[in-house]
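A short write-up of the structure that comes next.
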Amino acid sequence: MSSISSRRLSKELMEIKNDGCPVGINLVQADDFSTWLFTLEVMGESLYKNEQFTLQFRFDEQYPISSPAVQFVVTDGRQAPIHPHVYSNGHICASILGNEWSPVLSVIAVCVTLQSMLASCKKKQRPVDNDRYVKHAPENPKKTRFHYDDDTV
Amino acid sequence: MSDYVPTIDDIRVKMCYICREEENADEPSDPPRTWTHPCKCTLIAHEACLLSWIETAQAKPTGRDAMKCPQCGTQYEIVHNRGQFGFGQRIAWRMLTDVNIIVGYLGKMVLILVPSTILSVVGAGAYWMLTRYGAYAIREFFGQEIYDTFLTDDMTKWPWSAYINLPLIPIFLVASRFDTKFGFLPIISALLEWPNLYDREPQIPMPMPPNLTNIFPPSPYTVGFILLPIARFLYDRALKRLTKWVLGARVPTVDGEDENALMVVRVRGGANDGEPQNANQENQQDDNQPADQPGVEEPVAEHNPAEQTITIYASPLGRKLAGALLVPMIARHMGNTLLRLARKQGVLARYLRSILAISPRSAPNRSWWDANSLSSTSSSSWKAGSGSASPSLSFGVGNYRWGVDNNGSTFFGSNVPWKDVWRALWGGSKAWAEFDPVWWRNTIGFGLFVVAKDALNLLHLWLIKRERETRRIKNRDFAGVDITGLDLIERTTS
């Protein structure tokens with residue numbers, strides 16, 4: 001009996017293959033139902049013009065009841081975008097990945113939300129507690145209890 | 001068919017927004033799965049999926065409110081099948097859940113209560129210690145008899161104001177060592193005890209010849225509020241002048257930056273050192289308090305190389321504390337010493353006796369002047385005037401009182417001749433005069449102690465200064481040193 005996550009993920013994958021990804025988002029790797037990779041670019045005039053980032057999704061058995069673990073990849077020379085809600089180890093402080101997650105969201109929806117979060121950024125800076133957080137950060141960002149600050153950044 | 005309202009079963013292709021699975025109306029799933037449309041928008045879901053989502057989200061305390069539709073925000077409603085979850089079961093579930101919540105709150109309360117109980121016990125212990133020290137200080141300073149009359153060792157007999165004033169005494173004592181602005185506070189604290197004197201007046205009605213007023217020794221109020229500040233001011237000025245003459249320096253200060261120092265003296269400089277704080281002061285009820293001038297607070301001067309700084313390190317904090325707390329004992333010992341000196345024979349002793357107002361008998365209750373002419377008639381004349389029983393509660397000195405008498409009506413020194421008031425203010429009440437003025441000689445003795453201490457201090461500083469001035473470094477010749485490297489002057493061979 002395949003789990004709810006594999007059924008849902010295969011549906012999402014089919015949708016992506018059929019309908020394609022939104023502009024700036026590209027599927028890199030979706031070989032299994034545990035880890036997916038996307039590339040993310042911010043379109044139009046933004047602070048992140050011509051920058052490409054890699055986004056990693058990790059799913060567990062309970063997806064979509066439980067939220068996916070999403071972070072920017074910082075290995076092999078890749079960097080996380082400099083944003084007040086993105087730590088230098090790639091972890092993201094976003095409410096939809098935490099207490100605002102709902103099964104009505106999807107992988108593409110998360111990508112689009114993160115894209116608009118980068119696009120609306122006014123100033124490139126790291127989070128205030130970046131160094132302290134990165135020193136003691138868990139491997140899985142879902143283990144962190146983020147405080148969700150203002151959404152205006 | 002205008003009032004046809006479709007339900008979930010009328011939808012041709014249903015898609016669950018949670019698992020994204022579709023079901024065609026023509027091909028129902030086998031086994032059949034229940035669908036639900038729980039809100040106002042078009043989102044529908046398998047009942048099982050939705051229940052699973054709600055259960056998971058509610059388990060997390062910070063999860064979003066899963067009972068709302070994510071799209072339209074409508075609250076979901078949970079219902080139970082009567083057959084499956086009967087009335088009795090529902091009641092029991094409700095009760096146990098509520099009990100669980102209540103017990104949770106109780107647990108939280110205990111978490112607060114236990115530390116606060118511990119803290120309050122510690123606080124009570126501290127309060128008790130402070131209060132006992134205050135009582136001890138009163139006994140040391142005012143003498144055993146006054147203490148026994150008005151306070152006694154039995155805490156239950158104390159007037160209510162004792163519970164406030166007594167613990168304040170050690171606090172004010174220590175505070176006044178750190179900032180002499182507070183120097184008057186212990187006095188106030190101790191003196192505030194004394195309005196209650198009037199409640200305890202000895203019940204023996206003394207017939208008072210009206211004209212005799214004794215103004216010596218002055219009452220503690222006089223001493224505390226008038227004499228002491230004046231004496232303090234004068235002494236301080238004198239000390240400053242003397243210090244300047246001996247050392248060529250201003251008053252010894254404690255430098256703000258150098259916290260370990262007991263005293264820092266800038267010698268031959270003359271620049272102001274910021275707020276002067278005498279680190280070596282004792283203070284309490286004494287009339288020779290070297291208080292500091294209310295601050296000439298100029299900014300700290302540049303370090304002048306021409307001036308020297310004598311810094312004395314000697315663990316100032318502990319000494320300050322000890323000094324403050326030892327004040328009553330020192331005062332008592334000095335007072336006793338003076339008493340012993342005064343009891344001897346000789347002109348000097350007689351002179352001392354008159355100053356200290358010591359009676360020929362060591363026993364209390366009789367002062368130096370005639371026994372019949374016990375002092376201020378104030379209270380008794382007042383008594384005669386009013387005629388009523390002594391008031392149950394009153395404040396004030398002598399006749400100048402405000403209070404409530406036994407009948408419950410308030411009075412305010414109404415039928416009081418003002419002459420008596422003045423006498424009372426200056427000379428203190430009859431109650432005061434009855435007792436051996438221990439406090440007076442203690443005050444004087446303590447003052448002498450302070451003078452002696454300051455003198456010794458000044459001597460020490462002066463000696464340090466002398467030592468520094470006369471220092472030289474011993475000179476050696478170059479015996480044993482390799483002189484080939486030295487560039488020597490040609491010595492003309494004689």
Side-chain angles (χ1 to χ4, degrees), chain A residues 1-19 21 30 33 36 57 59-70 92-113 138 140-149 151, chain B residues 8 11-78 108:
Chain A
M1 156 122 182
S2 54
S3 63
I4 177 176
S5 74
S6 44
R7 273 179 291 158
R8 161 96 184 222
L9 284 170
S10 58
K11 286 254 184 299
E12 292 203 36
L13 195 53
M14 218 161 49
E15 248 178 56
I16 293 176
K17 293 233 163 75
N18 292 342
D19 303 336
C21 298
F33 291 135
W36 287 9
F57 284 76
F59 309 101
D60 60 16
E61 293 285 306
Q62 287 294 308
Y63 178 83
I65 305 272
S66 68
S67 62
V70 184
I92 308 167
C93 177
S95 55
I96 59 157
L97 299 174
N99 62 352
E100 290 275 311
W101 166 258
S102 160
V104 78
L105 299 170
S106 67
V107 174
I108 296 291
V110 172
C111 289
V112 170
T113 308
N140 187 332
K142 282 176 70 173
K143 296 215 166 74
T144 314
R145 291 189 134 212
F146 286 111
H147 284 283
Y148 299 114
D149 302 318
D151 295 319
Chain B
I8 185 121
I11 302 190
R12 194 191 307 274
V13 180
K14 299 190 278 265
M15 192 190 73
C16 170
Y17 82 82
I18 294 180
C19 62
R20 301 283 173 97
E21 290 216 341
E22 293 180 346
E23 184 179 304
N24 244 321
D26 317 328
E27 304 159 15
S29 45
D30 181 21
R33 303 189 56 184
T34 326
W35 287 85
T36 172
H37 171 239
C39 62
K40 295 207 172 94
C41 63
T42 53
L43 283 183
I44 57 174
H46 291 124
E47 190 170 58
C49 291
L50 190 56
L51 285 174
S52 165
W53 161 237
I54 290 177
E55 194 182 303
T56 312
Q58 280 184 339
K60 273 193 274 193
T62 59
R64 84 179 296 178
D65 187 9
M67 292 301 291
K68 278 194 320 192
C69 171
Q71 196 167 283
C72 65
T74 318
Q75 282 282 111
Y76 299 147
E77 269 185 50
I78 295 198
K108 249 198 233 175

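Given the structure is predicted, the values throughout are model-derived calculations rather than measurements. Chain letters run A, B, ... following the sequence lines, proteins first and then strands; every chain starts at 1.
Distance alone, capped at 3.5 Å, is enough to place a donor-acceptor pair between the A/S102 side chain and the A/V104 backbone.
If you take CZ on A/F146 and CG on A/N99, they are separated by 12.0 Å, rounding to the nearest 0.5 Å. To the nearest 0.5 Å, atom CD1 of residue A/I96 and atom OG1 of residue A/T113 are 4.0 Å apart. Atoms CD1 and CD1, from A/I65 and A/I4 in turn, are 5.0 Å apart once rounded to the nearest 0.5 Å.
Side-chain contact between A/L9 and A/L13 is absent, with no heavy atoms from C-beta onward closer than 4.5 Å. In this structure, A/F59 and A/S5 have side chains that are not in contact, with every pair of non-hydrogen atoms separated by 4.5 Å or more. The side-chain heavy atoms of A/L105 and A/P64, taken from C-beta on, include no pair separated by under 4.5 Å. When side chains are defined from C-beta on, A/V107 counts as touching A/Y63, because their heavy atoms get closer than 4.5 Å.
Annotation: residues 32-47 of chain B contacts chain A through B/R33, B/L43 [non-hydrogen atoms, separation under 4.5 Å]. Contacts of residues 14-25 of chain B with chain A at a heavy-atom distance below 4.5 Å involve B/Y17, B/I18, B/C19, B/R20, B/E21, B/E22, listed in sequence order.
Between A/R8 and A/E12 a salt bridge is recorded (basic side-chain N to carboxylate O distance below 4.0 Å).
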